[in-house]
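This report refers to the structure that appears directly beneath it.
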Amino acid sequence: MSQTTQLQIAVIGAGIAGLATAIALKDHPNVDVQIYEQAGELREIGASIALGPNGLRTLERLGVHNALDNSIAFRNKSGHPMIYRHWKTNEIVSADSHRGDVEPRHHTARFHRAHLQQALLQHVDPSTIHLKKSFKSVKFDNATEKLVISFTDGTTAAADLLLGADGIHSLVRTSFLPTSGTAWTGWLAFRSVFPISHLSHLPEIPDEATHYWGPDRTFFVSKLGKDLFTTVASYDSDPHAPDAAGTTSKWDTEGDVNSLKEKYKDWSPQIRSIVDAIPYTRVYPNVAAHGLDTWVLGDGRVTLAGDAAHAHGGAFAAGGSLALDDAWAFGASIRQVFPENATELPTDRIATALKLYERTRKAHTDRLIKIVNDNNKKRLERLGQTETDEELRTRMKSRADTSWIHEHDVVAAFQQALASEPSQV
């Protein structure tokens, strides 16, 4: 049985999951977390991101109180997580509600992704983040009893444990599971974030996060922190059609605002006026993958977090909160197996910690992935079908209750995982 004086954890990816993992373990005296990021600078890719009560509670639990501040977190003043309006009449057809006892500061909030990343970075030691480190491979060195992580620049790093938090197209995941790659779901989103002053000429600006539904496409709008505004236009195509736009589009590439104007030319005057004011847009083809059989890889020394672990394609706006809960659960599992007062750190206990982490998180995310994949199939089945206005309204009102996702209690799940196999911990 090998021992180490300090558990060395290498995290691949400096996104939400990677940064939150470092925060979850930053004050553990026997754990050293180093983050390896392929980008040359820490610039969050993407537009807006939503965090439900579970994600906001986890931020608070991690001590990232600055991320809950109203200056960067926009919450609907009505208290409803989302308002649903009719594409032509603008009337409110339905609204989501928090189901449990949710304090106002934990009400669903929208962020500019860069603002959330900056809030997390304030709690991470910059010296632990290594840029321009694109993951290539990892192997176990019998001589040193360490993982040797290789990067495309020819450098290497040693660690006892590797956490792949490198996103939906995770190279860590596919290096162990080559068939776990993602596929385009047929859903194409056009996201924009811009100063709200671009809408100052309009007589009325939506002041609640609102999802407008039409028979074959949707349009989301919301204010964000620091006087920003976001829009997300989305529609479905047949992912198997050779001329479908998403087959050639790449994530976060420049889109055509004029195409949006064409797509929404028959919508309500308010939506048309907002679309006309959008200064630019970026394209995001939605991709997803099936759930994994296990998150414990590499002979018990490698695991995954965030989109790398559950590539569900961003449905239900749950990805950010899932990543935060993953990070907390991973940190709690490490602390359980390797407590701060431990005098010995047996590395053969790493797999025990990773299995505890998996028991805490995987069943929850597997359930979500199955629902997402089923919903993707239903959306594609509607392609080309004519939907009456009554049918649309019924669909808007009969949405599934997703409070089990957004109000999930990760602490309770961790305690249940502990109790389920106490002999394994």
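This is a predicted model, so every value here is computed, not measured. As a basis for the values below, the full set of heavy atoms in this structure was taken, side chains included, without hydrogen atoms, waters or symmetry mates.
The environment of NZ in K88 is crowded: more than 12 heavy-atom neighbours from other residues, nucleotides or ligands sit within 6.0 Å. Counting non-hydrogen atoms of other residues, nucleotides and ligands closer than 6.0 Å to NE2 of H290 gives a total of 12 or fewer. Within 6.0 Å of the CD atom in E340, the count of heavy atoms belonging to other residues, nucleotides or ligands exceeds 12. Other residues, nucleotides and ligands contribute over 12 non-hydrogen atoms within 6.0 Å of the CG atom of N258.
Between the side chain of Q270 and the main chain of N90, no donor-acceptor pair closer than 3.5 Å is present. Put simply, the side chain of E37 gets close to the backbone of A39: a donor and an acceptor are under 3.5 Å apart. Between the side chain of S200 and the main chain of I196, no donor-acceptor pair closer than 3.5 Å is present. Judged purely by atom type and a 3.5 angstrom limit, Q385 has no side-chain atom pairing as donor or acceptor with the backbone of R382. Side-chain atoms of E208 come within 3.5 Å of backbone N or O of K77 as a donor-acceptor pair. For H98 (side chain) and H80 (main-chain N/O), no donor-acceptor pair under 3.5 Å exists by modelled atom type. The backbone N or O of Q8 sits nowhere less than 3.5 Å from a side-chain atom of D32 that would complete a donor-acceptor pair. Side chain of Y280 to main chain of V193: a donor-acceptor pair is present (N/O by atom type, distance under 3.5 Å, no hydrogens or angles). K362 contributes a side-chain N or O that, together with a main-chain N or O of L292, makes up a donor-acceptor pair within less than 3.5 Å. Not a single donor-acceptor pair under 3.5 Å links the side chain of H211 to the backbone N or O of F220.
Heavy atoms only, all atoms of each residue included: R110 and M82 are closest at NH2-CE, 3.3 Å. What you find for H408 and A413 is that their closest heavy atoms are NE2-CB, 3.9 Å. Residues A289 and I369 come closest through the heavy atom pair O-CG2, 3.8 Å. When all heavy atoms are compared, the tightest approach of I149 to A10 is CD1-CB, 3.4 Å. What you find for A318 and I405 is that their closest heavy atoms are CB-CG2, 3.7 Å. Scanning both residues, D216 and Y235, for their nearest heavy atoms gives O-CB, 3.8 Å.
Just one of Y212, W267, Y264 meets the ring-ring contact (aromatic ring centres under 6.0 Å, His included) condition when paired with W87; it is W267.
Atoms CD1 and CG, on I271 and L260 in that order, are 12.0 Å from each other to the nearest 0.5 Å. Summarising the geometry, atom CD1 belonging to I16 is positioned 11.5 Å from atom OG1 belonging to T21; distances are rounded to the nearest 0.5 Å. Put simply, CG on D166 and CG on L304 are 7.5 Å apart, with the number rounded to the nearest 0.5 Å. Atoms NZ and CD1, on K378 and I371 in that order, are 9.0 Å from each other to the nearest 0.5 Å. Note that NZ of K133 is 8.5 Å distant from OG1 of T152, once rounded to the nearest 0.5 Å. To the nearest 0.5 Å, atoms CG (L7) and CG (N30) are separated by 9.0 Å.
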- [ ] Could you go through the side chain to side chain contact (heavy atoms under 4.5 Å, CB included) check for F229 and H198 one step at a time?
- [x] CA-CA 9 Å; F229 195 83; H198 282 268; over 6 Å; no
- [ ] Could you go through the side chain to side chain donor-acceptor pair (under 3.5 Å) check for D69 and S71 one step at a time?
- [x] CA-CA 5 Å; D69 191 84; S71 65; 2.7 Å; yes
TODO: Any chance you could lay out the side chain to side chain contact (heavy atoms under 4.5 Å, CB included) test for L25 and F338, step after step, and finish with the verdict?
DONE: CA-CA 11 Å; L25 290 166; F338 301 97; over 6 Å; no
- [ ] Check the pair L177 / L297 against side chain to side chain contact (heavy atoms under 4.5 Å, CB included), numbers first and verdict last.
- [x] CA-CA 9 Å; L177 305 167; L297 309 169; 4.2 Å; yes
- [ ] Tell me, with the steps shown, if K132 and F151 meet side chain to side chain contact (heavy atoms under 4.5 Å, CB included).
- [x] CA-CA 9 Å; K132 298 183 181 179; F151 303 99; over 6 Å; no
TODO: Let me see the working for K370 and D374 under salt bridge (Lys or Arg N to Asp or Glu O under 4.0 Å), right down to the final yes or no.
DONE: CA-CA 6 Å; K370 184 182 185 306; D374 289 345; 3.0 Å; yes
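Side-chain atoms of V232 and Y284, non-hydrogen and from C-beta on, never get closer than 4.5 Å to each other. By the 4.5 Å heavy-atom criterion applied to side chains, L116 and L51 are counted as neighbours. Between L62 and W328 the shortest side-chain heavy-atom distance falls below 4.5 Å. The shortest distance between side-chain heavy atoms of D160 and R301 falls below 4.5 Å. Side chains of D325 and H364 form no contact here, defined as non-hydrogen atoms less than 4.5 Å apart. Taking the side chain as every heavy atom from C-beta outward, F190 and K263 never approach each other to under 4.5 Å. V102 has its side chain within reach of H107: a pair of non-hydrogen atoms, C-beta onward, lies under 4.5 Å apart. Annotation: side chain of V33 is not in contact with side chain of T128 (no heavy-atom distance under 4.5 Å).
Using cut-offs of 30° and 60° for the angle between ring planes, the W213 and Y84 rings count as perpendicular. Ring geometry for Y357 versus W295: interplanar angle of 30 to 60°, hence tilted.
In this structure, a donor-acceptor pair under 3.5 Å is present between the side chains of D153 and T155. Using modelled atom types, one finds no donor on one side chain facing an acceptor on the other under 3.5 Å when comparing T303 with E358. For H310 and D326, the side-chain atoms include at least one donor-acceptor pair closer than 3.5 Å. With hydrogens and angles left out, the side-chain atoms of H169 and T182 include a donor and acceptor closer than 3.5 Å. With 3.5 Å as the limit, one finds no donor-acceptor pair spanning the side chains of N376 and T185. Looking only at atom types and distance, the side chain of S192 has a donor-acceptor partner in the side chain of T281 under 3.5 Å away.
Salt-bridge check for D409 with R57: failed, with every basic side-chain N at 4.0 Å or more from each acidic carboxylate O. Salt bridge annotation for K26-D125: absent, with no cationic side-chain nitrogen under 4.0 angstrom from a carboxylate oxygen. Taking the charged nitrogens against the carboxylate oxygens, D27 and R335 do have a contact shorter than 4.0 Å, which makes a salt bridge. Look at E262 and K265 and you find a salt bridge, because one of the NZ, NE, NH1 or NH2 atoms lies within 4.0 Å of a carboxylate O, short of that distance. At a threshold of 4.0 Å, the pair K355-E421 does not count as salt-bridged, since none of the basic side-chain nitrogens sits closer than that to a carboxylate oxygen. Using a cut-off of 4.0 Å between Lys/Arg side-chain N and Asp/Glu carboxylate O, E91 and R393 are scored as salt-bridged.
Among residues two or more places apart in sequence or in another chain, the side-chain contact (heavy atoms from CB on, under 4.5 Å) test is passed with S403 by R99, D401, E407.
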